[in-house]
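Below is one structure; the comments refer to it alone.
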Number of protein chains: 2
Amino acid sequence: MRSHFESYYVHPKNVHGELLVLTDEEVHHLSRVKRHQKGDRIRAVDGLGTAYEAEVDRISKSRAECRITETRRLLGEPAGELTLVQAMIKGDRFDWVIEKCVEIGVKRIIPLITENTIVKAGSGKINRWRRVALGAMKQCGRSVLPEIAEPRTLKQTVTLGADCQVRLIAHGSEGSRTVRIPEEPAVRSPKAICIVGPEGGFTDDEIRMAADNGFTPVSLGPRRLRAETAGIVLTTMVLSQWGELC
Amino acid sequence: MRSHFESYYVHPKNVHGELLVLTDEEVHHLSRVKRHQKGDRIRAVDGLGTAYEAEVDRISKSRAECRITETRRLLGEPAGELTLVQAMIKGDRFDWVIEKCVEIGVKRIIPLITENTIVKAGSGKINRWRRVALGAMKQCGRSVLPEIAEPRTLKQTVTLGADCQVRLIAHGSEGSRTVRIPEEPAVRSPKAICIVGPEGGFTDDEIRMAADNGFTPVSLGPRRLRAETAGIVLTTMVLSQWGELC
């Protein structure tokens, strides 16, 4: 099964034996944008790790019925699980972090509220972020929809990494404490959690709280990376170290 | 000298002994946005590798005269030189590649024209890209303005890497040829050139031409990265390997 063409999203409840039913905007995309017809082969993913190759059988305005010809588990998924905890930032830059980090291979993104965070997120914004993640999953050939969690405070987040071999907090401080990302642990499905702060940086108290909970402060070098760049760079460095980007 | 606050840009011809003169939008930013006054300390960079710490002396509508108190060479600059050759892409996504890769530490970006490239760039667009690079340089604490070259074809580009230890072409092919990025060469100022293609990918002929000129095709993993993501990820991987991101 090829991973290099765009997938449709099929809700798990719409898979019945050999039958797979696309609904809502997926039907529109299939029939109007891609102009697929009966007999065409498509791919669909359920966001829970199952990818289907299927043949279009019947298209109506509200649904497209497809016959499953092949099923695969965890297509396009990394072995390791990276949780990115990213302080919320203004405008569409948080959307960018989500899109890029889903492509690169993040498992979960937790929008973070810190002392210097000035952005707020209501359910409308969170729903938009989830649609961005869904779009990126379909586009890049993954089969698991990365979770976009409800926003949390740092205090609620630092206790989450107990089962992670790698716990990092990006800290672009004036002092040039440069800590390398620890070597890949010798486990089959490594877990990592990475925290990236807001433009204003973390306070000393916040860094101390993270350190007290086992997080290693890492500098990302002498150039000051914008918050969204730091999230993408750190995700790339961890996934690359896990051998997931080659 | 701290590298972690935003710099002003001073044209090299506006530095005279101990005097440094800001002009144009830099004056506006200094007096109107940042509301600096006589006696305030600022930092300026000339885009050619010199960073100045200076004290504001006299502000008029069109110029701000500052007295240089400290000078440093190559502040915020990586030791290695990475040239990113990135196929032109639509909308503001090329701007993003420029902004992010300047922050990460690229030396030069060459907009690439390939067989599958549908975007054209006139002088207006190239000037915009150069302004994006200038803004990113000032923001991230670099002192050299990365070059945004005139667009070139692949044929014009593949002969450029003769003095580079690392020559890569990102190739998200269906076949899963996975090549690791070669280990860091044992030179003090390593040079690399990385080519990233358009959404439609490179043709077989293009990959062959690059390979014939010493470029190694590298896959960036099983997930299909968008063109702009590929540029940012590859830049991160090379700079990270050079120890420039820790």
Side-chain angles (χ1 to χ4, degrees), chain A residues 2-7 74-78 92-93 96 99-106 136-143 170 172-181 199 201 218-226 228-230 232-246, chain B residues 2-7 74-78 92-93 96 99-106 136-143 170 172-181 199 201 218-226 228-230 232-246:
Chain A
R2 301 189 303 166
S3 71
H4 285 92
F5 57 95
E6 196 168 335
S7 307
L74 299 180
L75 188 73
E77 289 302 316
D92 62 355
R93 296 190 290 141
W96 262 79
E99 182 178 290
K100 297 309 152 213
C101 290
V102 168
E103 292 173 47
I104 295 164
V106 80
M137 170 194 73
K138 287 158 51 178
Q139 183 272 328
C140 77
R142 293 183 65 167
S143 50
S173 72
E174 305 277 324
S176 54
R177 181 165 40 159
T178 56
V179 184
R180 282 187 176 269
I181 293 181
E199 299 288 344
V218 288
S219 153
L220 295 174
R223 287 164 292 288
R224 180 172 61 174
L225 304 183
R226 283 178 183 274
E228 72 275 12
T229 317
I232 295 169
V233 162
L234 200 47
T235 299
T236 299
M237 288 170 79
V238 172
L239 270 289
S240 168
Q241 198 174 273
W242 285 346
E244 294 286 355
L245 293 173
C246 63
Chain B
R2 300 189 305 168
S3 71
H4 284 92
F5 57 97
E6 195 168 336
S7 307
L74 300 180
L75 188 73
E77 290 302 316
D92 61 355
R93 296 190 291 139
W96 262 80
E99 181 178 292
K100 298 308 153 211
C101 291
V102 168
E103 293 173 46
I104 296 165
V106 81
M137 171 194 73
K138 287 159 49 179
Q139 183 272 325
C140 77
R142 293 183 67 168
S143 50
S173 73
E174 304 278 323
S176 54
R177 181 165 39 158
T178 57
V179 184
R180 283 188 176 267
I181 293 182
E199 299 288 345
V218 288
S219 153
L220 294 174
R223 287 164 293 288
R224 181 172 61 174
L225 304 182
R226 282 178 183 274
E228 72 276 12
T229 317
I232 295 168
V233 162
L234 200 48
T235 299
T236 299
M237 288 169 80
V238 172
L239 270 290
S240 169
Q241 198 176 273
W242 284 347
E244 293 286 355
L245 293 173
C246 62

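Here is how names work: the chains are called A, B, and so on, in the same order as the sequence lines, proteins then strands, and each is numbered from 1.
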Gln139(B) side, atom CD; Arg224(A) side, atom CZ - distance, nearest 0.5 Å
5.0 Å
Between CG of Leu220(A) and CD of Glu244(B), what distance do you get to the nearest 0.5 Å?
13.0 Å
Nearest heavy-atom neighbours spanning [X] and [Y]:
X: Arg226(A); Y: Glu103(B); result: N-OE1, 2.8 Å
X: Ile104(A); Y: Thr229(B); result: CG1-CG2, 4.1 Å
X: Leu245(A); Y: Met237(B); result: O-CE, 3.7 Å

Heavy-atom pair count under 4.5 Å with chain B, highest-scoring of Thr235(A), Leu239(A), Thr236(A)
Thr236(A)
Ile232(B) portion near chain A, given a 4.5 angstrom heavy-atom threshold
side chain
Heavy-atom distances under 4.5 Å only: say whether Glu228(B) touches chain A with side chain, backbone, both or neither.
side chain
Does a side-chain heavy-atom distance below 4.5 Å link Arg223(A) with Pro78(B)?
yes
